[in-house]
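Throughout, numbering of the chain's residues begins at 1 and tracks the sequence.
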Amino acid sequence: MILNAYIANAVKKHNLGGNTKALQIDSFEWTCIWEGKSSRFKCDPHQYHLILGAVHEPGHWILAAIYHSERRSVVLDPMGNDSLKIKQCLTFTRAFVRKRGLFISRWTASTLPHILQKDSTSCGVFVLKVDLSFLCNLCEGLL
């Protein structure tokens, strides 16, 4: 899938040149985790400052990111369903981190100010561009 390849390439470039490490989880696995399904994905969140991926909902893409060291997660929905997504993001993040044996008290989930898509087809492009922005800001220490 092009979306996964694009994000994986951006993360790889970031990890080669950055001081902080990022991890991309492909959209198939990230969507399963988002939906609360069992996951076989193995990683140690302590190794990464940023874990991110695209979540596929029927006919729609959103971006979800975990900042483990800051005990927070961020979700960006191009359609703007922020309050619903924030609650779901907190639930999925806590489950993801808990399954990896990490202490998760005082975890927060939020969104960031972002533009909304004006059509029904640009959510995939939105996710790609915001993903790159996350990685660029991570390099500069802005997020």
Side chain proximity check, Ser110 to Val74, heavy atoms < 4.5 angstrom: yes

Over all atoms of both residues, closest heavy-atom pair of His68 and Trp107: CA-CH2, 3.9 Å

Return all side-chain donor-acceptor pairs below 3.5 angstrom for residues 119-128, not counting sequence neighbours, or 'none' if the list is empty.
{"unit_1": "Asp119", "atom_1": "OD1", "unit_2": "Thr121", "atom_2": "N", "d": "3.1"}
{"unit_1": "Asp119", "atom_1": "OD1", "unit_2": "Ser122", "atom_2": "N", "d": "3.0"}
{"unit_1": "Asp119", "atom_1": "OD1", "unit_2": "Ser122", "atom_2": "OG", "d": "2.7"}

Steps toward side chain to side chain contact (heavy atoms under 4.5 Å, CB included) verdict (Tyr6, Gln24): CA-CA 10 Å; Tyr6 188 88; Gln24 181 248 354; over 6 Å; no

Heavy-atom side-chain proximity of Arg94 to Ser73 below 4.5 angstrom: no

Beyond-backbone contact of Cys89 with Trp34, side-chain heavy atoms, under 4.5 angstrom: yes

Val75 backbone acceptor or donor facing Thr111 side chain under 3.5 Å: yes

Test item: Ile62 and Met79 side chains (from C-beta on) under 4.5 Å apart, heavy atoms: no

Whether His49 side chain and Glu70 backbone form a donor-acceptor pair below 3.5 Å: no

Parallel, tilted or perpendicular, as decided by the 30° and 60° cut-offs, for the rings of Trp30 and Phe96: perpendicular

Minimum side-chain heavy-atom gap Cys43-Leu23 below 4.5 Å: yes

Note, Val55 side chain near Trp61 side chain (heavy atom, < 4.5 Å): no

Verdict with reasoning, Ile86 to Leu90, per side chain to side chain contact (heavy atoms under 4.5 Å, CB included): CA-CA 6 Å; Ile86 290 171; Leu90 182 60; 5.7 Å; no

Whether Asn4 side chain and Ser27 backbone form a donor-acceptor pair below 3.5 Å: yes

Leu50 side chain reached by Thr20 side chain, heavy atoms, under 4.5 Å: no

